[in-house]
Amino acid sequence: MEPTAAGLISRAAHELGLRTDELTAEVEQRLRHELPALWEDPDVARTAAENVVEHVVAALAGLEHAIEPDLIELPSADVERARVLARHGTPLSAMLRAFRLAEEIVLDRLFAQLPRLSQDAEQVSAAARQLNVVSTKYVDRVSEQGVRAFQAERDRRLRWRSAMVNEASMCIGTTLDIARTTQELADFATEQFADLVTVDLLDTVLRGQDAAGHSPLTLRRMAQGPDADGGGLQPPVRPQQLHVCPEGSPCAEALSSGRPSRQQHGRAPGVPRAHSTLVVPLRARGTTLGVAEFHRYGTAAPYDDEDLLLAQEIVVRAAVAVDNARHYTHARATALTLQRSLLPREAPRQSAVDVAYRYLPAGSESGVGGDWYDVIPLSGARVALVVGDVVGHGIRAAATMGRLRTAVRTLADIDLPPDELLTHLDDVVLRLANEASADPDTGPGADVGRDNGATCLYTVYDPVARRCTLARAGHVPPVVVVRDGTADVLELPPGPPLGRGGLPFETMEVDLPEGSLIALCTDGLIEARTPARATGDSLSAPATATEDTTPTAPATATEDTTPTAPATATEDTTPTAPHTPDIAVGLATLREVLARPAPSLEAACDSVLEALLPSRPDDDVALLLARTRSLGADRVATWELEADPAVVARARSDVSRKLTDWGLEELAFVAELVVSELVTNAIRYGRPPIRLRLIHDRSLLCEVSDAGSTTPHLRRARVFDEGGRGLLLVAQLAGQWGTRHARRGKTVWAELSETAEFPALAFE
């Protein structure tokens, strides 16, 4: 019986199958030459080689037993290997090309066998045609199955990667804090596809530079996850530690080139370590910020190309968040430094009040704002307490705050009443708004009027009269606590915010017993919603006096122990604007906290912040607490003088006796000269009634008041002038001198100190 074409194919397949090792070696050699990309990765090379070998064996077995191509049993691992190749990012064309190359080699070997097995040319030709049909159908079937498995795995991986990237975008960069952002990256990666993650940033970048610096590069470990030592793998560098990136290391290569890499490591016996690592640089806006490393150890599968691509996409988003946090941190630090330099460094020396204060920048993205406070000593042993709030945040608001604080101090130096001071300050804000609108750097959509708005509360306390004069410009009213523990909100005439222009401000006077507590604050304190301890970035100064260390005892006398407004305050016919619910609740809480006894003003400040502020306030906060003192009758002497030159000698005698009673005999001569000149000027140029007052404070204050409104000016008298030397004499003898105006009349004052060195008097 003559052999058929099928039988001839079967014999050829059988003989070729006996040399499978030789055949598969030839196939592998051909694939290495034609498709070198398959052999770059050891895992891909092993998978491709195993797949080709098993398909060659299966195909030869099917040919040997004359099995239809559709019925030949494919290798059981074929689908899984296609998925592996997909996970490694192997191109589909490379996989199909490998099948065709293997088919070509096997057919060539079979075609070479046929003539040696049969001399019948027609039969050999028929067998060759049948081989082409069978092999084509088999390869097509294998390719279709591989394509389906490959594409399904690719689609699954794409969906998974897209989901991971979306989740990472939501989980990473929730704040503008660098450490928290990098830790969010580490935490997310350890939950999803890494056993250990480290995130290092260049130290030069953290210090505000965009250049990486010279090799070796210095990095700071910003985040690590998980914290505990897992699987025996624990990096020697701990968070916030500096370390050097060795030259030639994957880390250094990633930082210098900006390209990620995938590292596969061997495992040394007894030395547990990562067997697969991804090294991905953090780059944003053309700047290399640092590097993230993702490690796997234990039984976890090594990283593949898909994992590297996923790590890149996640790190790109994290890098943008880190860069945003970096710029915000630097801008906030600059604004905070400016704010610190513009706020009082320490409380000035004065005897009117004991003070304690706090400034806290906003903990949210808004950052440092324009809140400020000030304590300004005034003439007559008085003191001005100021709290203000500039609209906006950042360096612009801080700079505007500095300009307004300087303006307030300048206006306070000329002893303007609170309402007049706020009127002049309103003009200053309007000028700042006009300057901002004319600034070419101001954006076309900027609301310069809003950006330059402000509120202010200005208070003057007189320890001699124990009276407080207040005025506010759209600001939160103060809270006053008297000695018996009663806490009240002083409902001042509201006044418009600064920058409106053309609207009046009104004052209110309140008599305060000694030991009363005045609390001035900005709205950021009383509008906070979630009370919690706030301690970070607080600017504080100790109270100027330390004797207040126990709670003030309740008043036992029946004299005035509650704030009272004089008749002048009743002129306000404009209804006070009601407080918003947030402010009303905040003021109520502030009253409740301040009514509790506290060992010191510093402790009272801490109690207020703890009760009213969240851990990261949304707005910056200024708080100023002042406990009033008084200068009793034994420290003040007053004389009513007639408008007669003869009273000058009597005034000198009265001053000399009083200084002897106070133990200030060393100042008697200078004080007599100063008082003589001031009283003479009041008699000659002023209007009655005339009053002389001495105040024994930290220095000796001499004041002469009259009903005239003419301000005396210092001038240099010529040789033959009979007058004009009085104020020059006062200016040379006194440490400070000046004039303050009241509603009616003026007061010329001079401050004399026991420790002052008086210059020799010289006149032309």
ask   = Heavy-atom distance under 4.5 Å between the side chains of T190 and L196, does that happen here?
value = no

Residue pair L242 / R220, side-chain heavy-atom distance below 4.5 Å
yes

**Prompt:** Does some side-chain heavy atom of L594 sit less than 4.5 Å from a side-chain heavy atom of V608?
**Reply:** yes

* Asked: Are side-chain N/O atoms of E293 and T277 paired as donor and acceptor at under 3.5 Å?
  -> no

Test log, rule salt bridge (charged side-chain N to carboxylate O under 4.0 Å, His left out), inputs E153 and R156: CA-CA 5 Å; E153 180 63 19; R156 187 190 68 81; 2.7 Å; yes

Sequence neighbours excluded, the answer for side chain to side chain donor-acceptor pair (under 3.5 Å) partners of Q151 is D155

- [ ] Using a strict 4.0 Å threshold on nitrogen-to-oxygen distance, state whether D307 and R157 make a salt bridge.
- [x] yes

The reported gap from SG in C251 to CG in L219 (rounded to nearest 0.5 angstrom) is 5.0 Å

Q.
Please evaluate residues C171 and E184 with respect to the criterion side-chain contact (heavy atoms from CB on, under 4.5 Å), reporting the C-alpha separation (whole Å), side-chain torsions for both, the decisive distance (0.1 Å), and the verdict.
A. CA-CA 7 Å; C171 297; E184 288 171 346; 5.8 Å; no

**Asked** Hey, is CZ on R259 packed in by over 12 heavy atoms from elsewhere, all under 6.0 Å?
**Response** no

State, with a plain yes or no, whether a side-chain heavy atom of Q183 is found less than 4.5 Å away from one of M222. no

### Task
Spell out, as yes or no, whether a donor-acceptor pair under 3.5 Å connects the side chain of R180 to the backbone of L176.
no

Contacts of H475 meeting ring-ring contact (aromatic ring centres under 6.0 Å, His included) (sequence neighbours excluded), chain-then-number -> none

Interatomic distance, CG@L282 vs CG@D323, rounded to 0.5 Å, equals 10.0 Å

**F193 ring center near F294 ring center (under 6.0 Å)** = yes

Distance-only side-chain donor-acceptor flag, Q263 / S261, under 3.5 Å
yes

*Any side-chain heavy atom of L309 sitting closer than 4.5 Å to one from R161?*
yes

Note to self: Whether the N324 and R285 side chains hold a donor-acceptor pair (N or O, under 3.5 Å, no angle test) is what I'd like checked.
What the structure shows: yes

Are R326 and L206 packed together at the side-chain level, in the sense that at least one heavy-atom pair is separated by less than 4.5 angstrom? no

Rounded to the nearest 0.5 angstrom, the CG-CG distance for D523 and D371 is 7.0 Å

Margin query: I'd like to know if E602 pairs up with R358 as an ion pair, taking the criterion as any Lys NZ or Arg NE/NH1/NH2 lying under 4.0 Å from an Asp or Glu carboxylate oxygen.
Written below: yes

Margin query: Could you check whether any side-chain heavy atom of L520 comes within less than 4.5 Å of a side-chain heavy atom of Y373, counting everything from C-beta outward?
Written below: no

**Prompt:** How about V291 and V280: do any of their side-chain heavy atoms sit closer than 4.5 Å?
**Reply:** no

_I'd like to know if E435 and R403 make a salt bridge, using a cut-off of under 4.0 Å between side-chain N and carboxylate O._
yes

* Going by distance alone, is a donor N or O of one side chain under 3.5 Å from an acceptor N or O of the other, for D620 and Y359? -> yes

Between the CG atom in L185 and the CD1 atom in I314, the distance rounded to the nearest 0.5 Å is 7.5 Å

